[in-house]
Chemist: 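One structure coming up, written as structure tokens, with questions to follow.
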Amino acid sequence: MNNRTDHGFLVLADVSGFTAFVTTTELEHGSDIIATLLDEVIGHLSPPLEIQEIEGDAVFALGGESFALPHTRLLAVLEEAFAAFKSRQQVMQAAEKCQCGACQQIGTLDLKMVVHHGPFLRHTVAGRNRVTGTAVILVHRLLKNGVGRKGGYALLTESVLRSLGIDGERAGLPTHTERYEYLGDIRCFVRDLAPLSLSPEGRGEGEGVLYPQAIA
């Protein structure tokens with residue numbers, strides 16, 4: 001078993017509404033729809049991020065010490081992946097003629113992203129590359145959060161913004177705190193991704209852009 005400590009971004013892109021979708025619709029069409037949407041997300045996250053795992057309705061990606069792009073590009077990568085998800089969803093809805101429950105409910109799905117920054121251990125188990133550590137546990141715990149926001153959003157831990165050189169409060173990002181046993185209070189910032197699904201012509205001036213700012 002080869003162990004190596006890495007440090008960087010841990011990203012989970014999760015399809016919201018997945019459980020209700022797959023339990024109330026036809027299995028074959030439903031799984032094909034989810035696979036198509038996740039393929040779109042993966043194609044925009046990697047490269048530069050490394051796809052670690054497909055976890056049912058979620059994509060787990062990493063940006064370790066060898067992260068190919070400047071850190072200031074990370075948010076743009078996430079935003080582009082979300083916009084691609086929404087674009088593909090809209091195309092599928094417009095073209096769909098099948099009347100089955102799955103095909104008629106494509107529009108109920110959405111995408112949320114959870115991002116943390118910290119150390120994690122890379123190791124090999126039964127020939128497969130795996131990662132473990134507190135940062136890995138935390139980013140997965142944050143998927144089940146109390147944000148209570150409809151539509152796409154990115155939940156960024158304070159350590160993410162610190163590593164990007166962004167002051168979340170000065171950037172106007174709402175704060176959100178989750179508390180977990182053994183992990184304590186985790187301060188996060190919420191980035192609304194919904195406006196980014198619009199075409200550039202449909203956005204207001206400055207929408208869809210988060211400029212890095214030095215932390216005071």
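Reckoned from all heavy atoms, side chains included, excluding hydrogens, waters and symmetry mates. The first residue of the sequence shown is numbered 1, and numbering continues consecutively from there.
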Chemist: Rounded at 0.5 Å granularity, tell me how far OG in S16 sits from CG in L111.
Modeler: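 Rounded to the nearest 0.5 Å, the OG-CG separation comes to 6.5 Å.
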Chemist: Roughly how far apart are I166 CD1 and F189 CZ, rounded to 0.5 Å?
Modeler: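 Nearest 0.5 Å value for the CD1-CZ distance: 10.5 Å.
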Chemist: Would you call L156 and H116 a side-chain contact if the rule is heavy atoms closer than 4.5 Å?
Modeler: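 They are not in side-chain contact.
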Chemist: Check R191 with E79, please: is the shortest side-chain N to carboxylate O separation under 4.0 Å?
Modeler: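 Yes, E79 and R191 are salt-bridged.
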Chemist: Between E50 and G64 (side chain of the first, backbone of the second, donor and acceptor by atom type, cut-off under 3.5 Å), is there such a pair?
Modeler: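 Looks like no, no N/O pair under 3.5 Å.
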Chemist: Could you tell me whether the side chain of V15 reaches within less than 4.5 Å of the side chain of L37, counting heavy atoms only?
Modeler: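 No - every pair of side-chain heavy atoms lies 4.5 Å or more apart.
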Chemist: Could you pull out the closest heavy-atom pair between A135 and P119, with the gap in Å?
Modeler: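 Nearest heavy atoms, A135 then P119: CB-O, 3.3 Å.
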Chemist: Is there a side-chain contact between H7 and F120 in this structure, where contact means two heavy atoms from C-beta onward sitting under 4.5 Å apart?
Modeler: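 H7 vs F120: side chains apart.
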Chemist: Is any side-chain heavy atom of E178 closer than 4.5 Å to a side-chain heavy atom of R187?
Modeler: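 Result no, sub-4.5 Å side-chain heavy-atom pair not found.
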Chemist: Give a yes or no on whether F9 and L155 share a hydrophobic cluster (residues Ile, Leu, Val, Met, Phe, Trp, Tyr; joining criterion: side-chain heavy atoms under 4.5 Å apart).
Modeler: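 Different clusters: F9 never reaches L155 through Ile, Leu, Val, Met, Phe, Trp or Tyr contacts under 4.5 Å.
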Chemist: Go through V77 and V11 one step at a time and tell me if the side chain to side chain contact (heavy atoms under 4.5 Å, CB included) criterion holds.
Modeler: CA-CA 11 Å; V77 170; V11 179; over 6 Å; no
Chemist: Of the non-hydrogen atoms in I51 and A61, which two are nearest, and what is the gap between them?
Modeler: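 Here I51 and A61 meet closest at CD1-CB, 4.0 Å.
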Chemist: What residues, two or more places apart in sequence or in another chain, satisfy side-chain hydrogen bond (donor to acceptor under 3.5 Å, both in side chains) together with D39?
Modeler: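 By the side-chain hydrogen bond (donor to acceptor under 3.5 Å, both in side chains) rule, D39 matches no residue at all.
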Chemist: Evaluate the side chain to side chain contact (heavy atoms under 4.5 Å, CB included) criterion for residues L10 and V136: first the C-alpha distance (whole Å), next the side-chain angles of each, then the deciding distance (0.1 Å), finally the verdict.
Modeler: CA-CA 7 Å; L10 303 95; V136 176; 3.7 Å; yes
Chemist: side-chain hydrogen bond (donor to acceptor under 3.5 Å, both in side chains) with R130: which residues, sequence neighbours excluded?
Modeler: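 side-chain hydrogen bond (donor to acceptor under 3.5 Å, both in side chains) check on R130 returns E53.
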Chemist: Can you confirm whether or not the ring centre of H44 sits under 6.0 Å from the ring centre of F85?
Modeler: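 Distance test on ring centres: not under 6.0 Å, no.
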Chemist: Say whether T157 and H117, considering side chains only, have a donor N or O and an acceptor N or O under 3.5 Å apart.
Modeler: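 There is no such pair between these side chains.
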Chemist: Any salt bridge linking R73 with E80? Criterion: basic side-chain nitrogen under 4.0 Å from a carboxylate oxygen.
Modeler: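 Yes, this pair counts.
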Chemist: When you measure from the side chain of Y180 to the backbone of R141, do you find a donor-acceptor pair of N or O atoms at a distance under 3.5 Å?
Modeler: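 Yes: the side chain of Y180 pairs with the backbone of R141.
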Chemist: Grouping I, L, V, M, F, W and Y whenever their side-chain heavy atoms are under 4.5 Å apart, do L45 and Y153 come out in a common cluster?
Modeler: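 Different clusters.
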Chemist: Same cluster or not: L38 versus L49, using hydrophobic residues (I, L, V, M, F, W, Y) connected whenever any side-chain heavy atoms lie under 4.5 Å apart?
Modeler: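 Shared cluster, yes.
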Chemist: Between C188 and E158, is the side chain to side chain contact (heavy atoms under 4.5 Å, CB included) condition met? List the steps.
Modeler: CA-CA 5 Å; C188 304; E158 190 168 31; over 6 Å; no
Chemist: Is there a donor-acceptor contact under 3.5 Å from the side chain of D57 to the main chain of I34?
Modeler: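 It does not hold such a pair.
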Chemist: Please report the interatomic distance OG1(T132) to NE2(H123), rounded to the nearest 0.5 Å.
Modeler: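 Nearest 0.5 Å value for the OG1-NE2 distance: 5.0 Å.
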Chemist: Would L78 and L193 count as a side chain to side chain contact (heavy atoms under 4.5 Å, CB included) if you check the C-alpha gap in whole Å, the side-chain angles of each, and the deciding distance to 0.1 Å?
Modeler: CA-CA 9 Å; L78 303 182; L193 295 175; 5.7 Å; no
Chemist: Could you list the residues that satisfy side chain to side chain contact (heavy atoms under 4.5 Å, CB included) with L143, not counting sequence neighbours?
Modeler: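 L12, D14, K112, V114.
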Chemist: Keeping the roles fixed (side chain from S87, backbone from A83), state whether a donor-acceptor pair exists under 3.5 Å.
Modeler: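 Answer holds: no.
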Chemist: Give, for atom CZ of R170 and atom CG of L161, the distance between the pair rounded to the nearest 0.5 Å.
Modeler: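 Here the interatomic distance stands at 12.5 Å.
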Chemist: Look up atom CD in Q89 and atom CE in M92, then write down how far apart they are to the nearest 0.5 Å.
Modeler: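 Between Q89 CD and M92 CE, I get 8.5 Å after rounding to 0.5 Å.
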Chemist: Taking all non-hydrogen atoms of both residues, which atom of H176 and which atom of V190 are closest, and how far apart?
Modeler: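 It is CB-CG2, 4.0 Å.
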Chemist: Quick check on the hydrophobic clustering: are F82 and V139 connected, directly or via other members, by side-chain heavy-atom contacts under 4.5 Å?
Modeler: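 As far as the 4.5 Å side-chain criterion goes, V139 and F82 are not connected within one cluster.
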Chemist: Group every Ile, Leu, Val, Met, Phe, Trp and Tyr by side-chain heavy-atom contacts under 4.5 Å, then state whether I42 and M113 land in the same group.
Modeler: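 Yes, I42 connects to M113 through the hydrophobic network.
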Chemist: Identify the heavy atoms of Q52 and N129 that sit nearest to each other, and give their distance.
Modeler: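 Scanning both residues completely, I find the closest heavy atoms to be NE2-O, 3.0 Å.
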Chemist: Ignoring hydrogens and geometry, is there a side-chain-to-backbone donor-acceptor pair from E40 to A81 under 3.5 Å?
Modeler: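 Absent.
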Chemist: Is R149 atom CZ crowded by more than 12 heavy atoms from other residues, nucleotides or ligands, each under 6.0 Å away?
Modeler: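 Correct, the count exceeds 12.
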Chemist: If I take atom CD1 from residue I33 and atom CD1 from residue I106, how far apart are they, to the nearest 0.5 angstrom?
Modeler: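 It comes to 4.0 Å.
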Chemist: V115 versus L75: any side-chain heavy-atom pair under 4.5 Å?
Modeler: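 With C-beta onward as the side chain, the pair stays apart.
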Chemist: Less than 4.5 Å apart, side chain to side chain, heavy atoms only: is that true for F67 and L62?
Modeler: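 Counting from C-beta outward, F67 and L62 never come under 4.5 Å.
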